[in-house]
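Numbered from 1 within each chain, the chains take letters A, B, ... in sequence-line order.
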2 protein chains.
Amino acid sequence: MSTLDAKSEQILRELSRHGRISNLELADRVGLSPSASLRRVQELERSGVIKGYRAVLDPAAMGIGFVAYIGVGLGDHSKASQEAFERAISGAPEVVECHNITGTIEYMLRVECADLPSYKRFHTDMLGALPQVTSITSYVVMGSPKDARA
Amino acid sequence: MSTLDAKSEQILRELSRHGRISNLELADRVGLSPSASLRRVQELERSGVIKGYRAVLDPAAMGIGFVAYIGVGLGDHSKASQEAFERAISGAPEVVECHNITGTIEYMLRVECADLPSYKRFHTDMLGALPQVTSITSYVVMGSPKDARA
DNA sequence: GGTGAAAATTTCAACAA
DNA sequence: TTGTTGAAATTTTCACC
């Protein structure tokens, strides 16, 4: 299962865009019999290439009207500081992504809130209250011309 | 469908994490009969709250071993420059996300490549070759302690 | 919102290339 | 090993209560 052949790649392409099409439909699109298609999908799931399935929800319907990326710098690079920060972040529902990055700052967050007031609240009460955090740079998302992960 | 009740929110929570569970399983988890559950899901799909379904793939299995966020600044804020940049980006498979942001720079990209050499190639041959681009700041992702969109 | 039955799909064992 | 067939088990779907 080390390297994927063309059919399996085609299956992954289909499922990454249409995660809930029937196996019959999938088999038809990739040009396999339903059982051959199913066997490949099951193997891809079993081996972990397919990690799961997600419904993609409309942010607006979920009450999300404000998205920002935030660069966060810590006062020191100690493991304790990082762990404390990550622990605080893990409990914050507004933080959808937290990436540990190289460069002049330590973290890049993606934050999703209802609106600007709730973002301000998060910014001051949550981020601003963390003693490890020494710099915060907000990049408010005005639009996403491309977002394959949405 | 203006505001969602508790059951529908529960359905959305389940489907956003387990997008392919059977309707029987879903109905059981949220405490509805299969037909009531199905009716709600269909309505959520029809109204656009559920925009679709996706299989979540393992990046490593897909040959992705290098992820970075890139802040991009343009030389001018003209519509022509933005359109030219976005057009170039839309054709770059390495760019998974492109966000138009507020602040000192215009764009924040998420780029996924096989490895550092292929990233360097993208960085110089693609981004560096765009005449509109005047600043590039890479934030290489070393890890993602939290990533609800993965 | 629930029930029940028809239609469609998933799943798998046996077999073929 | 990978693909196919066919039939049983399961699920989806919908008219009706």
J.: If we only count heavy atoms from C-beta on, is the Ser138(A) to His123(A) side-chain gap below 4.5 Å?
T.: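 Result yes, sub-4.5 Å side-chain heavy-atom pair found.
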
J.: Is any side-chain heavy atom of Arg40(B) closer than 4.5 Å to one of Leu26(B)?
T.: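 In short, these two side chains do not touch, never coming nearer than 4.5 Å.
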
J.: At 10 degrees resolution, what angle do the end axes of the helix from dG1(C)-dC17(D) to dA17(C)-dT1(D) form when each is taken over five base pairs?
T.: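 The two end axes of the helix from dG1(C)-dC17(D) to dA17(C)-dT1(D) meet at 30°.
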
J.: Indicate the atoms forming the closest heavy-atom contact of Asn23(A) with Ser37(A), along with that distance.
T.: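 Result for this residue pair: OD1-OG, 2.8 Å.
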
J.: Hey, could you give me the OG1/CE distance between Thr124(A) and Met126(A), rounded to the nearest 0.5 Å?
T.: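 If we round to the nearest 0.5 Å, Thr124(A):OG1 and Met126(A):CE are 11.5 Å apart.
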
J.: Could you tell me which non-hydrogen atom of Gln10(B) sits nearest to which non-hydrogen atom of Val30(B), and how far apart they are?
T.: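 Looking at all heavy atoms of both residues, the shortest contact is NE2-CA, 3.7 Å.
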
J.: Check whether any side-chain N or O of Thr102(B) sits under 3.5 Å from a backbone N or O of Val140(A) as a donor-acceptor pair, and report yes or no.
T.: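 Between the backbone of Val140(A) and the side chain of Thr102(B) there is a qualifying donor-acceptor contact (under 3.5 Å).
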
J.: Just by distance, do the side chain of Asn100(B) and the backbone of Glu106(B) share a donor-acceptor pair under 3.5 Å?
T.: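 Looks like yes, one N/O pair under 3.5 Å.
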
J.: On DNA chain D, which is the earliest and which the latest nucleotide, 5' to 3', with an atom closer than 4.0 Å to a heavy atom of chain A?
T.: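 With heavy atoms of chain A under 4.0 Å away, the range is dT2(D) to dT5(D).
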
J.: Identify the two heavy atoms, one from Ser90(B) and one from Arg87(B), that lie closest to each other, and give their separation to 0.1 Å.
T.: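 Looks like OG-O, 2.8 Å.
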
J.: Starting at the 5' end of nucleotides 5-17 of chain C, put B wherever the base has a protein heavy atom under 4.0 Å, S where only the sugar-phosphate does, and a dash everywhere else.
T.: ----SBBB-B---

J.: Other residues, nucleotides and ligands only: do more than 12 of their heavy atoms fall within 6.0 Å of NZ on Lys120(A)?
T.: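 Open: at most 12 neighbouring heavy atoms sit under 6.0 Å from NZ of Lys120(A).
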
J.: The criterion is salt bridge (charged side-chain N to carboxylate O under 4.0 Å, His left out); which residues satisfy it with Glu25(B), sequence neighbours excluded?
T.: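 Partners of Glu25(B) under the salt bridge (charged side-chain N to carboxylate O under 4.0 Å, His left out) test: Arg29(B).
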
J.: Between residues 6-14 of chain B and DNA chain D, which residues have a heavy-atom gap below 4.0 Å?
T.: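 Of all residues in residues 6-14 of chain B, none places a heavy atom under 4.0 Å from DNA chain D.
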
J.: For residues 130-150 of chain A, which residue pairs pass the salt bridge (charged side-chain N to carboxylate O under 4.0 Å, His left out) check, not counting sequence neighbours?
T.: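 Of all non-adjacent pairs touching residues 130-150 of chain A, those that pass salt bridge (charged side-chain N to carboxylate O under 4.0 Å, His left out) are Glu97(A)-Arg149(A), Asp147(A)-Arg149(B), Arg149(A)-Glu97(B), Arg149(A)-Asp147(B).
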
J.: Applying the side chain to side chain contact (heavy atoms under 4.5 Å, CB included) criterion to Pro145(A), which one of Glu86(B), Gln82(B), His99(B) satisfies it?
T.: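 Only one option passes, and that is Glu86(B).
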
